[in-house]
Every structure is written in structure tokens, then in C-alpha cells.
There are 2 protein chains.
Amino acid sequence: MKIGELSRATGTNIETIRYYERIGLLPAPARTDANYRSYGDAHRARLRFVRHSRELGFTIDEIRSLLDLSDHPERDCADADRIASAHLEQVEAKIAQLSALRDELTRIVGRCRGGLAGDCRVIEALGDHGQCGGAH
Amino acid sequence: MKIGELSRATGTNIETIRYYERIGLLPAPARTDANYRSYGDAHRARLRFVRHSRELGFTIDEIRSLLDLSDHPERDCADADRIASAHLEQVEAKIAQLSALRDELTRIVGRCRGGLAGDCRVIEALGDHGQCGGAH
DNA sequence: GCTTGACCCTGTAGTTGCTACAGGGTGCAT
DNA sequence: ATGCACCCTGTAGCAACTACAGGGTCAAGC
Ligand SMILES: [Zn+2]
Ligand SMILES: [Zn+2]
Ligand SMILES: [Zn+2]
Ligand SMILES: [Zn+2]
């Protein structure tokens, strides 16, 4: 399959596929006579793994480690569990941080009564963290 | 006040202050004879506004607009309200997305029973979005 | 046989919001 | 005079792509 087909089959931008190859996340595929990349099912599965992991928020480096484990089925899977658990913790931390931020923004936005910028409580609140609840 | 003092007074990295000046977010301050930057209270207030807005997640471009309003107190503040509301919506969307992601990750992580990578349900789940609840 | 259009190639530069040097100058204390 | 802390400019790096520019390939239709 050519790169355009792989792109459609996985919902991945063509430039992104070439980028993954360049950074060594995907193996360089065979080439046709015209020097076109030629992919097989294994490439597609690997790219799906990468894209799905990216959608779940794993970094490229984490994915590299996960792929490495996937390539060595005889190894212990504890590393995979560790990477995924650590990532889950980071996601939870990010949610907590954004929630605090949302609360603060809600409070700030709710204070605008319209009128002149000079009297705007939103602009005032942005300049003064002392007005904040302190959670962010 | 010199850049180091401003840095300490606002908790901002010196390089970041110079960066903000370079991109036109902070006005270029006066210079001493030795060509050192010399800041006043207005600079400090402006930098606090910028940092606080960044902590609340506003982009540099949004902050540019907010500062512009802050500099023109005779204008209508509706734009500030619009920017802040739109940002709040984005934060809420991000929280929703991360929550879906957290649920999916929790499900995936919970399936690992240890053992060989070849049998690991975590690695399997990363390769197959079909196993996902579909929310992410 | 020739053009048109879709597709592919490489290589480089841009995005966001910083951060980290390298290589040099300044100012004060010992 | 010699440290040392501080300041200056300019450039390059980070993550994870994305967007060209400038060119080659191939099948269809006239
Ligand atoms: Zn207002
Ligand atoms: Zn605050
Ligand atoms: Zn496992
Ligand atoms: Zn999924």
C-alpha cells in the first residue's frame, strides 16, 4: 500500500507518517521502482498502535518504549504497566489543575457586568492574583 | 529596578522577560549607562498581568488583546469578556477530553495481570481502539 | 503523443512558549 | 587585580507535528 492509502487507513497525515519514519518510530518501508514507499499490514498495525497511543496522550518516547516491549513478547510486561500508570497519574494531575483553573476562570468571568474596560473586573482580576482563591 | 529584581519580584525567568520584550508583549524599558534594562512599577504590573494570565492558560495572543483593552480603559470591555468566556469553554472541553482519556486509561491499566509482554492486555489495548468505550 | 491532475519524493522552515547556552561586558568587594 | 554576580546579544533547542517549495511519476482522456 502507498503512503496515501496508509494515511487514509489510519487517519494519519502523510507528513506525520514520514515524520515518524524520520525519527525512527516507524521502520523505513520498501520502495517501488519509482521510489514510492510501499507498506504492508505490519506497518499499518504499528502506525495504529502509535496513533492510538498518541490519542491517549503518551509521548513519543513512551511510545518508543511500549513498541519495544510489543516487539519483544518474551519480556516482562511490568514496564508497560509502569508507563501506563505513570501516564494515568499525569492525566489525573492535569485534570485537577485544569479544574482549579476552570473554577478561577468561572469566578472571574462571572464578575464582568459590561461597560468600560477601565471598570472591568475581568481585566482587574487578571492583574491581581491576590483576588484568586489560591488553588491555581 | 534591574531585570534580576523584576525576575524575583514576579517569579519570572529572566530569559522569559527578555523574550516577552522581543515579541512585543512588554515595552522596551529605559537603559542605564551600562546598557542594563531599567524597569519601573508599571512594567512590574504589566508583567504580573501577563504571568497571571499565562497561569490561567491564556495564549500570548489572547493576552495581547487583553493588554490592549487594559491600555484603553475607554473601550467597551465586551471583548475581554468574550476572550475569557471562550477560554473557559476551551478549558472545560479539555477537562472533558482528559476525563474520557482517564477513564479509558484506567480501564486499560486495570487489565494488566503481569507476566509476558506478549500476553499483556495493556499492549494489546494500545493497538486496538475497538476495545475502547469510544469516548476518546 | 501530449496534457492534466493526482499522487509521490526530499529538504527545510514554521508553529507555541519558552529555556539554554556561547561569548562577551559591567560593577563592586576583597 | 581578581574574583564573582550580574547584565548584554544572538542563536539554537525542546515536542510533535504541519506546511511549503521545487521537483518526479503515472494513469486517463483528448
Ligand atoms: Zn468586563
Ligand atoms: Zn490567580
Ligand atoms: Zn501487562
Ligand atoms: Zn481508543
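Chain naming here is simple, since letters A, B, ... match the order of the sequence lines and numbering starts at 1 in each.
Residue B:R22 has no polar side-chain atom (N or O) positioned under 4.0 Å from OP1 or OP2 of D:dT11. Side-chain N/O atoms of A:R37 include one lying less than 4.0 angstrom from OP1 or OP2 on C:dT10. Distances shown here put a side-chain N or O of A:R18 below 4.0 Å from the OP1 or OP2 atom of C:dC9. OP1 or OP2 of D:dT18 lies within a sub-4.0 Å distance of a side-chain N or O belonging to A:T16. A close approach under 4.0 Å does not occur between any side-chain nitrogen or oxygen of B:R51 and OP1 or OP2 of C:dG17. Contact check, B:R54 against C:dT16: no side-chain N or O comes under 4.0 Å of OP1 or OP2. Note on B:N13: a side-chain N or O is less than 4.0 Å away from OP1 or OP2 of C:dT19.
Counting to the nearest Å, the C1' atom of D:dA16 and the CG atom of A:D61 are 12 Å from each other. Atoms CG (B:N35) and P (D:dG10) sit 11 Å apart, rounded to a whole Å. Distance, B:E21 CD to D:dT9 C1': 12 Å, rounded to whole Å. At whole-Å resolution of the value, CZ in B:F58 and C1' in C:dT16 are 17 Å apart. Here the C1' atom of nucleotide C:dT10 and the CD atom of A:E15 are 11 Å apart, to the nearest Å. For B:M1 and D:dC7, the CE to C1' distance is 16 Å, given to the nearest whole Å. Rounded to an integer number of Å, the gap from A:E62 CD to D:dA16 C1' is 13 Å. Remark: C1' of C:dG17 and CG of B:L26 are 14 Å apart, rounded to the nearest angstrom.
None of A:D71, A:D41, A:T10 except one satisfies the side chain to side chain donor-acceptor pair (under 3.5 Å) rule with A:R46; the exception is A:D71.
Note on A:R8 versus A:E5: no salt bridge recorded, every NZ/NE/NH1/NH2 to OD/OE distance being 4.0 Å or above.
Side-chain proximity of B:A34 to the nucleotides D:dT9, C:dC8, C:dT26 is greatest for C:dT26. Side-chain proximity of B:I3 to the nucleotides D:dC17, C:dG17, D:dC8 is greatest for D:dC8.
If you check every strand for non-hydrogen atoms under 4.0 Å, B:I23 touches nothing. Heavy atoms of B:R64 sit nowhere under 4.0 angstrom from any nucleic acid atom. Using a 4.0 Å heavy-atom cutoff across all strands shown, B:T32 reaches no nucleic acid atom at all. Within 4.0 Å (heavy atoms only), A:Y20 reaches sugar-phosphate atoms of the nucleic acid but no base atom.
When all heavy atoms of A:Y39 and A:P29 are compared, the pair lying nearest together is CE2-CG, 3.5 Å.
Note on ring orientation: taking the six-membered ring where Trp is involved, the planes of B:H52 and A:H129 are perpendicular (angle over 60°, cut-offs 30° and 60°). Between A:H87 and A:F58, the ring-plane angle classifies as tilted under the 30° and 60° cut-offs.
On a pure distance criterion of 3.5 Å, a polar donor-acceptor pair joins the side chain of B:Y36 and the base of C:dG25. Applying the 3.5 Å distance criterion, the base of D:dC6 shares no donor-acceptor pair with the side chain of B:E5.
For the residue pair B:R111/B:Q131, the side-chain donor-acceptor check at 3.5 Å is satisfied.
Both A:R8 and B:Y19 sit near DNA chain C, but only A:R8 has its closest nucleotide nearer the 5' end.
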